[in-house]
Amino acid sequence: MAVLEILTLPDERLRQVSATVAQFDDELRAFIADLEETRQAGPAAVGIAAPQVNVFKRIVIVDVSGRKNTPNHGYLVLVNPEITHWDGFEMAREGCLSVPDYTGNVIRAGKIRLSACDPQGAPLEFEMEGYEARAVQHEMDHLDGTLFVDRVVSRRTDLFRRKVYRQGGQSA
Amino acid sequence: MLTLVGEDRPGIVARVTQAIFEAGGSLGEASMIRLGGNFTIMLMAEVVGGAERLRQALAPVVADLGLCLHIDAMGGGLHRHLVPNVQVRVAGADRAGIVADVTGALARVGFNILELESDVGGDPQRPFYLMNIQGYSESPLEALEAAVAGLVAGGIAVDISAVETLIG
């Protein structure tokens, strides 16, 4: 077990596209353990992706179970994750272990359906929403070299309010 | 800290920042917005020679574009971002004193405003006022709601919610 070094902007390696995992072996599982230890060692992060520690494989960890009143699936290791369905959109503030001292508002799908493999290579399927869905989308962006800063919308963009007025006072 | 205000037209930011760059200056944080149809920008700049050097470098641009320029010497630096944890949305019939009333009530419970923007909409006979504040508060939401309860009773909609930042 080891805490790995986290790449931070403007490190160009964060822009790399990660490769699909083909070997579900002990080496993979040892790396996942290190990745989780790294997540827990830093500021309270609800997720981490392999490319953030200079490993360009399609692996993310998400765990929002520590947040109150939040529907969640517990501690999730997602290998080769794919979002198969998106629904709705929401705006909320995000930060990132790889982008110190900066936060911004990002629009994400409100609900997603997801397929992935577990660390043994067995297939997983999830339906998730809200905070957990946001965390997964944030982490999966890393696998394609995208950071939340690429998706930040203006602080002055109030999506919620616009939506309310466009829909004639009906809450979204 | 540079403040520039004037009639809006395309290209102001490009010309101002080019002049600062040519004077050897470097920019930090900036915020530009149109207010009442006017161009406004505030930006942090660092330059050898300070305010005088900036004033001199910007003089031709300012004169040409008809801008008002104001410069204050001040410190700046990285790692000073405060992250808001509370959002306050205000809406109501427009009248003088809404901002003072709401921000006064929040200030009394120690609320620190980090971002504020407001707008007036509706038709001229019945204008409404909208304000969106993000800030930092150590008081719980209930305490903030109690602080503005009198205003809400007076007909101003004040929606207070937590802003949580997802760190991933």
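Only heavy atoms go into these numbers, but all of them, side chains included; no hydrogens, no water, no symmetry mates. So you know, we letter chains A, B, ... as the sequences are listed, proteins then strands, and number each from 1. What you see is a predicted model; the values in this text were computed from it and never measured.
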Discussion item. Does atom CD (Glu7(B)) have a neighbourhood of more than 12 heavy atoms from anything else shown, all under 6.0 Å?
Written reply: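 12 or below, so no.
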
Practice prompt. Count the heavy atoms of every other residue, nucleotide or ligand shown that sit under 6.0 Å from CD of Gln40(A), and state whether that count exceeds 12.
Written response: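 Yes, the 6.0 Å shell around CD holds more than 12 heavy atoms from other groups.
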
Just checking heavy atoms, which of [range] are less than 4.5 Å from chain B?
range	answer
residues 41-74 of chain A	Ala44(A), Ala45(A), Val46(A), Gly47(A), Gln52(A), Arg67(A)
residues 75-87 of chain A	none
residues 123-144 of chain A	Tyr131(A), Arg134(A), Ala135(A), His138(A), Glu139(A)

Fill in: Which atom of Glu94(A) lies closest to which atom of Thr165(B), heavy atoms considered
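Heavy atoms of Glu94(A) and Thr165(B) come nearest at C-CG2, 3.7 Å.
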
Do the side chains of [X] and [Y] join up, straight or via other hydrophobic residues, at under 4.5 Å, putting them in one cluster?
X	Y	value
Ile12(B)	Met1(B)	no
Leu14(A)	Tyr102(A)	yes
Met44(B)	Leu69(B)	no
Ile71(B)	Met32(B)	yes
Val99(B)	Val148(B)	yes

Practice prompt. Test Arg93(A) against every option in Glu164(B), Gln87(B), Gln134(B) by the side-chain hydrogen bond (donor to acceptor under 3.5 Å, both in side chains) rule and name the one that passes.
Written response: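 Testing each of Glu164(B), Gln87(B), Gln134(B) against Arg93(A), the sole residue satisfying side-chain hydrogen bond (donor to acceptor under 3.5 Å, both in side chains) is Gln134(B).
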
Practice prompt. Sort and list the pairs that fulfil salt bridge (Lys or Arg N to Asp or Glu O under 4.0 Å) and have at least one residue in residues 127-156 of chain B, not counting sequence neighbours.
Written response: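 Of all non-adjacent pairs touching residues 127-156 of chain B, none passes salt bridge (Lys or Arg N to Asp or Glu O under 4.0 Å).
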
Fill in: Best-contacting candidate, Leu166(B), Val163(B), Val83(B), against chain A by heavy atom pairs under 4.5 angstrom
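Of the candidates given, the most pairs with chain A belong to Leu166(B).
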
